[in-house]
Amino acid sequence: MAGWAAVLALLALPVLPAGPRRAAAGCAARGLCCPGRDPACLSRGGRPDGSHGPCYCDQACVRTLDCCHDYAETCPAVPCVVSQWSVWSGCAEPCRTTYRVRRRRVLREPRNGGAACPALEQRAGCVRYRGAPAAECGPALVPALITTGGFGKARRKRAAADGNERTGYCVEFQLAAIAPGCLRSQRPHTRWTLYLREGHTACVECQHPALDSTRLHCHGDGSGSKKDQLLHWQAVGNPRCRGTWRRIRQLDTCSCPSVHSFLFI
């Protein structure tokens, strides 16, 4: 009977509510937020998929799907921030086709998987002469810098907006030689070089700002060259695309066709 009395006494005890569950740990609890992949950046607690156990607070956990439940809130993605572009530099070397440079700097590095920093340097083709007359450098050293004529409308609009619009002209050339590099262009803004063909006529427009305000000519337009003289040209944006052509005639009224239509730079 004594045994039964003990059992009944236990049954009569009040049922107490369960104690509070141990709070989930995670990134915030340990103050973790690590760049890259860091196996030591480890905590314990819930994961976004509902499981519980070891979890990580490093940047790589987003790809490996083992982040702690509070990683996104504790370590928000911070994108890279860069400054504005600097002004363009002068041409790197005189009397030859070369390049100019502009740069920008990183103001804030990306963190926690934020967008990476964009390119910090840009280059553009240019020609610089020792003095005002281009003849000082010699005709063979002054190739024409050209790009696709698709930029012509935008250039005319900018010139009109700036009050710098001047009457330009066009020059027709017969393409004599084309370097193999023209057929290997992969960049979207230089794919026009894939359509260059030897023997075809190229129509090149001289507009502001390429139109020299003193000489009223574009550098490399072949003015003053001898009949059938081979002149050099260079495609802007693709330094391996260059060649020679012969000047045919100058047109005071431009009517370049959509194919093989270019601009002096």
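Positions are given from 1 along the sequence.
Using modelled atom types, no side-chain atom of H219 and backbone atom of A210 make a donor-acceptor pair closer than 3.5 Å. No donor-acceptor distance shorter than 3.5 angstrom exists from the side chain of R240 to the backbone of L183, with no hydrogens or angles considered. Not one N or O on the side chain of D70 forms a donor-acceptor pair closer than 3.5 Å with the backbone of G26. Using a distance-only test at 3.5 Å, with no hydrogens or angles considered, a donor-acceptor pair links the side chain of Q59 to the main chain of G36.
Taking the six-membered ring for Trp and thresholds of 30 and 60 degrees, F173 and F264 have ring planes more than 60 degrees apart, a perpendicular arrangement. Ring-plane geometry between Y169 and H217 is classed as perpendicular, the angle between the planes exceeding 60 degrees on a 0 to 90 degree scale with a lower cut at 30.
The distance from the CG atom of L263 to the OG1 atom of T148 is 7.5 Å, given to the nearest 0.5 Å. Remark: F262 CZ to L145 CG distance equals 13.5 Å, nearest 0.5 Å. Between R246 atom CZ and K227 atom NZ the span is 11.5 Å, to the nearest 0.5 Å. In this structure, CZ on R47 lies 10.0 Å from NE2 on H52, to the nearest 0.5 angstrom. For the atom pair CH2 of W245 and CG of L196, the computed distance is 9.0 Å after rounding to the nearest 0.5 Å. Rounded to the nearest 0.5 Å, atoms CG (L175) and OG1 (T244) are 8.5 Å apart.
C61 meets the side-chain contact (heavy atoms from CB on, under 4.5 Å) test with Y56, D58, T64, D66, C67, Y71; sequence neighbours excluded. With sequence neighbours left out, the side chain to side chain donor-acceptor pair (under 3.5 Å) criterion links R103 to E121. Contacts of C254 classified as side-chain contact (heavy atoms from CB on, under 4.5 Å), with partners at least two apart in sequence or in another chain: C170, E205. Residues satisfying the side chain to side chain donor-acceptor pair (under 3.5 Å) criterion with Q122, sequence neighbours excluded, are R102.
Cysteine sulfur proximity is not satisfied for C57 and C41, their SG distance being 2.5 angstrom or more.
S223 and R247 make their closest contact through N-NH1, 3.4 Å (heavy atoms, listed as atom of the first residue, atom of the second, distance). Nearest heavy-atom pair across S43 and R30 is OG-CD, 3.6 Å. Listed here is the closest heavy atom pair of Q207 and C218: N-SG, 4.2 Å. Here the shortest heavy-atom pairing between P239 and R242 reads O-NH2, 2.9 Å. What you find for L32 and T74 is that their closest heavy atoms are O-CG2, 4.1 Å. When all heavy atoms are compared, the tightest approach of P110 to G114 is CB-O, 3.8 Å.
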- [ ] With disulfide bond (SG atoms under 2.5 Å apart) as the test, would you mind laying out the steps for C27 and C68 before giving the verdict?
- [x] CA-CA 6 Å; C27 302; C68 294; 4.1 Å; no
Open item on the list: Applying side chain to side chain contact (heavy atoms under 4.5 Å, CB included) to W233 and C241, what does each step give before you reach the verdict?
Closed with: CA-CA 9 Å; W233 57 267; C241 182; 3.9 Å; yes
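In the hydrophobic clustering (ILVMFWY side chains linked at under 4.5 Å, chained through shared members), V81 is joined by L107.
Using a 4.5 Å heavy-atom cutoff, the side chains of V171 and C206 are not in contact. Side-chain contact between C33 and R111 is absent, with no heavy atoms from C-beta onward closer than 4.5 Å. Here the side chains of D221 and V204 are not in contact, with every heavy-atom distance at 4.5 Å or above. L65 places none of its side-chain heavy atoms less than 4.5 Å from the side chain of D49.
Within a 6.0 Å radius of CZ in R108, other residues, nucleotides and ligands contribute more than 12 heavy atoms. A 6.0 Å sphere centred on CD of Q84 holds no more than 12 heavy atoms belonging to other residues, nucleotides or ligands.
Among residues at least two apart or in separate chains, salt bridge (charged side-chain N to carboxylate O under 4.0 Å, His left out) pairs with a member in residues 168-177 are E172-R249.
V62 and L42 are assigned to two separate hydrophobic clusters, defined by single-linkage of ILVMFWY side chains at heavy-atom distances under 4.5 Å.
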